[in-house]
Amino acid sequence: MLNVKNLHAFYGKSHVLHGVSFEVKQGEIVALLGRNGSGRSSTAKAIMGLVDCQGSINWKTSQFEGEIVGKKAYQIAHLGIGYVPENRDIFPQLTVHQNLLLGQKGSGKGSRWSFNDMYALFPRLLERQHTEAGVLSGGEQQMLTLCRTLMGDPDLIIIDEPTEGLAPKIVELVGQYLQTLKAKGISVLLIEQKLTIAMAISDRVLVMGHGSIVFDGTPDSLRADAYVRKEWLEV
């Protein structure tokens with residue numbers, strides 16, 4: 001579904017990704033792991049057209065097949081790739097319901113997701129639907145950002161550090177949410193530092209180091225690879 005080959009990315013003169021290659025299949029949860037500064041978030045931004053990059057990112061759905069390097073972020077979003085950034089980026093002065101409405105493509109007809117689906121996933125959002133998003137807790141804001149992206153009916157959702165700063169119960173909710181997406185055939189690229197959740201729900205894991213992929217395999221194969229864990233993951 002997503003095929004990244006020999007991807008290089010740049011912030012000005014800084015060369016931050018060095019020949020990154022991997023793929024995400026339909027209905028697959030792939031975790032992208034690594035220490036801070038390893039290039040995980042830059043990979044997400046490169047896929048979304050938010051940084052200068054070279055190489056190939058081929059995207060294939062029933063409506064589109066082709067290269068997306070060089071396209072604008074809004075064009076990539078309209079092709080079916082949703083992006084949840086680490087900083088959440090809610091609209092603080094709009095209500096929960098208004099934030100969800102902004103995520104909807106067109107009239108929302110034919111979408112796999114509705115407002116009722118969002119409120120069923122996270123009942124707390126139903127309770128707060130008329131509340132300004134800026135006064136929500138961190139966990140509630142993360143729920144809102146995830147659901148607003150989902151309202152765009154993406155085929156792939158890229159989620160950057162969704163469990164950062166969240167209470168354990170909310171982390172568990174996020175894990176359940178991601179598995180619900182998989183059950184509906186939506187692919188997930190999960191950028192995460194918490195090994196526990198990533199290893200528990202992912203079909204495959206990628207490990208990054210110094211702007212390159214240093215490991216690509218199953219959670220079980222990563223558990224068995226003490227060298228990769230010590231060299232590239234453990235602090």
Side-chain angles (χ1 to χ4, degrees), residues 1-2 24 29 41-51 57 59 61-64 68 71-166 170-171 173-192:
M1 193 174 202
L2 181 76
V24 179
I29 299 178
S41 294
S42 295
T43 300
K45 291 175 181 177
I47 294 169
M48 292 305 302
L50 297 172
V51 296
I57 305 174
W59 173 239
T61 66
S62 58
Q63 286 80 37
F64 176 87
I68 61 173
K71 291 187 180 296
K72 303 293 185 183
Y74 74 88
Q75 294 172 320
I76 294 169
H78 276 284
L79 291 174
I81 302 180
Y83 176 47
V84 181
E86 185 178 3
N87 58 3
R88 295 170 186 159
D89 280 349
I90 59 164
F91 295 91
Q93 295 181 325
L94 299 182
T95 67
V96 165
H97 195 80
Q98 288 169 333
N99 268 270
L100 292 178
L101 185 61
L102 284 174
Q104 192 177 65
K105 284 184 187 174
S107 65
K109 292 180 180 179
S111 173
R112 286 166 287 193
W113 304 94
S114 67
F115 288 103
N116 289 337
D117 291 327
M118 300 300 97
Y119 294 141
L121 275 175
F122 294 122
R124 183 63 175 157
L125 293 183
L126 176 60
E127 298 172 17
R128 308 277 273 172
Q129 63 177 308
H130 301 302
T131 302
E132 288 188 359
V135 302
L136 300 180
S137 69
E140 291 167 343
Q141 289 184 4
Q142 186 62 277
M143 294 176 198
L144 177 57
T145 309
L146 292 169
C147 288
R148 186 187 65 199
T149 302
L150 204 55
M151 287 294 288
D153 201 22
D155 295 296
L156 166 69
I157 187 167
I158 302 171
I159 309 179
D160 195 350
E161 297 282 8
T163 64
E164 181 66 27
L166 300 186
I170 304 300
V171 171
L173 272 178
V174 171
Q176 294 171 0
Y177 166 98
L178 297 181
Q179 289 175 313
T180 299
L181 301 192
K182 178 182 176 179
K184 288 219 176 189
I186 296 173
S187 303
V188 177
L189 180 60
L190 171 64
I191 298 169
E192 187 55 83

**Asked** Do Leu150 and Tyr177 have side chains that get closer than 4.5 Å, going by heavy atoms?
**Response** yes
**Steps toward side chain to side chain contact (heavy atoms under 4.5 Å, CB included) verdict (Tyr119, Gln129)** = CA-CA 9 Å; Tyr119 294 141; Gln129 63 177 308; 3.4 Å; yes
**Asked** Side chains of Ile76 and Trp59: does their closest heavy-atom pair fall under 4.5 Å?
**Response** no
**Message:** Just verifying a value: how many Å separate Met118 CE and His97 NE2, rounded to the nearest 0.5 Å?
**Reply:** 12.0 Å
**Request:** Supply the atom-to-atom distance Glu140 CD to Glu127 CD, rounded to the nearest 0.5 angstrom.
**Result:** 8.5 Å
**Prompt:** Is there side-chain contact between Thr61 and Leu79, with at least one heavy-atom pair below 4.5 Å?
**Reply:** no
**Asked** Below 4.5 Å, heavy atoms only, C-beta onward: do Thr149 and Tyr83 meet side chain to side chain?
**Response** no
**Item:** Least distance between heavy atoms, Val135 atom then Arg128 atom
**Value:** O-NH2, 3.7 Å
**Request:** State, with a plain yes or no, whether a side-chain heavy atom of Phe115 is found less than 4.5 Å away from one of Leu101.
**Result:** yes
**Message:** Could you tell me if the side chain of Ile186 sits less than 4.5 Å from the side chain of Arg112, heavy atoms only?
**Reply:** yes
**Message:** Looking at Lys72, I'd like to know if its NZ atom is crowded, meaning that more than 12 non-hydrogen atoms belonging to other residues, nucleotides or ligands lie closer than 6.0 Å.
**Reply:** no
**Complete:** side chain to side chain contact (heavy atoms under 4.5 Å, CB included) with Ile90: of Leu136, Val96, Thr145, only one passes, and it is Thr145
**Request:** Working to the nearest 0.5 Å, report the span between CD of Gln141 and CG of Leu125.
**Result:** 11.0 Å
**Glu86 CD to Glu161 CD distance, which is reported to the nearest 0.5 Å** = 5.0 Å
**Fill in**
Note: Pro154 and Gly82 closest approach over all heavy atoms is CB-N, 3.5 Å
**Message:** Donor-acceptor check, side chain of Gln104 to backbone of Met151, threshold 3.5 angstrom: yes or no?
**Reply:** no
**Request:** Drop me the distance from Asn87's CG to Ser41's OG, to the nearest 0.5 angstrom.
**Result:** 9.5 Å
**Complete:** Closest non-hydrogen atoms of Met1 and Asp155, given as atom of the first, atom of the second and distance, are CE-CB, 3.3 Å
**Asked** At what distance, to the nearest 0.5 angstrom, does CD1 of Ile57 lie from CD1 of Ile81?
**Response** 8.0 Å
**Request:** Please lay out, stage by stage, how Ser187 and Leu2 fare under the test side chain to side chain contact (heavy atoms under 4.5 Å, CB included).
**Result:** CA-CA 9 Å; Ser187 303; Leu2 181 76; over 6 Å; no
**Item:** Check against side chain to side chain contact (heavy atoms under 4.5 Å, CB included), Val84 and Arg148
**Value:** CA-CA 9 Å; Val84 181; Arg148 186 187 65 199; over 6 Å; no
**Asked** Is the closest side-chain heavy-atom distance between Val51 and Ser42 below 4.5 Å?
**Response** no
**Request:** Please examine the side chains of Ile47 and Leu189, heavy atoms only from C-beta on, and report whether any two atoms are closer than 4.5 Å.
**Result:** yes
